[in-house]
Enquirer: 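I have a structure I would like to understand better, so I am pasting it below and will then ask my questions one at a time.
Each chain gets a letter, A, B and so on, in the order its sequence line appears, and its residues count up from 1. Fair warning: this is a prediction, and the values are worked out from it, not measured in the lab.
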Amino acid sequence: GESVGLHLPTLSVQEGDNSIINCAYSNSASDYFIWYKQESGKGPQFIIDIRSNMDKRQGQRVTVLLNKTVKHLSLQIAATQPGDSAVYFCAENMAQAGTALIFGKGTTLSVSS
Amino acid sequence: GAGVSQSPSNKVTEKGKDVELRCDPISGHTALYWYRQSLGQGLEFLIYFQGNSAPDKSGLPSDRFSAERTGGSVSTLTIQRTQQEDSAVYLCASSLEVGLDVSYEQYFGPGTRLTVT
């Protein structure tokens, strides 16, 4: 079916480590991918996005990689900090269906000091 | 400037009652979206508006759910005859515009936590 999923429901890292959160998507027609961060009691917050004509995009301490061959998306967080602890969702957008985002179930990142 | 706001932040209602959830998008954002998030789950798309029209209602789970948007701004999501399975966080998002080949960042509100007893 058309869905976006994440490989791991939880990820625990030490402060200062690099974190990698993975996501697999199933629809090859998707052309826009986004990573969101959601802290407890808050709405999702945009982190970074990437279009299907790119395979890498960098932001501040974050990098998103897109591998269209295997339909894989990853979020890399450099020098992870306790404030990065949250649930991370990947989402995809299928242009043919409009702009509704299809979300995965999320990975809970826990950063310990 | 102000972000997306939603009200109420929490709503507890009895099974069978109707509820209205409100969303105030970011000023100037023409596209508005409603999502539902059940406990520990990802976000489930419900409906989106481009201006005051809703070209995609495919995510509404039943005919008890309806939404409207007036003046290209505020939107109301109404759930009639609420059921316990309607309990969830209802999130609203807005973006600048929408197009078949263009996607813009969606800014989310804090959500309304609905509990049906």
Enquirer: Given the rule that I, L, V, M, F, W and Y join up when any side-chain heavy atoms are under 4.5 Å apart, are I26(B) and Y90(B) in one cluster?
Expert: no
Enquirer: Roughly how far apart are L101(A) CG and Y35(B) OH, rounded to 0.5 Å?
Expert: 3.5 Å
Enquirer: Name the region of Q45(A), side chain, backbone, both or neither, that has any atom closer than 4.5 Å to a heavy atom of chain B.
Expert: neither
Enquirer: Is there a continuous path of hydrophobic side-chain contacts, each under 4.5 Å between heavy atoms, that joins L73(A) to L65(A)?
Expert: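 No.
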Enquirer: If you count the non-hydrogen atoms of other residues, nucleotides and ligands that lie under 6.0 Å from CD in E85(B), is the total more than 12?
Expert: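 Enclosed: over 12 neighbouring heavy atoms sit under 6.0 Å from CD of E85(B).
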Enquirer: Please list, in residue-number order, every residue in residues 107-117 of chain B that has a heavy atom less than 4.5 Å from any heavy atom of chain A; write 'none' if there are none.
Expert: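 Counting heavy atoms that sit under 4.5 Å from chain A, the residues of residues 107-117 of chain B involved are F108(B), G109(B), P110(B).
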Enquirer: Just verifying a value: how many Å separate K42(A) NZ and L91(B) CG, rounded to the nearest 0.5 Å?
Expert: 13.5 Å
Enquirer: Give the cluster check for L21(B) versus F65(B): same hydrophobic cluster or not, with ILVMFWY residues linked at side-chain heavy-atom distances below 4.5 Å.
Expert: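 L21(B) and F65(B): one cluster.
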Enquirer: Taking side chain as everything from C-beta outward and backbone as N, CA, C, O, which of these in Q37(B) sits under 4.5 Å from a heavy atom of chain A? Side chain, backbone, both or neither.
Expert: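 Just its side chain gets close to chain A.
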Enquirer: When clusters are formed by joining ILVMFWY residues with side-chain heavy atoms under 4.5 Å apart, either directly or through shared neighbours, do V4(B) and W34(B) land in the same one?
Expert: no
Enquirer: Non-hydrogen atoms of chain A under 4.5 Å away: do they reach the side chain of L43(B), the backbone, both or neither?
Expert: both
Enquirer: Let me confirm one number: the CD1-CZ distance from I102(A) to F45(B), rounded to the nearest 0.5 Å.
Expert: 8.0 Å
Enquirer: Are L75(A) and V13(A) co-members of a hydrophobic cluster defined by side-chain heavy atoms under 4.5 Å apart?
Expert: yes
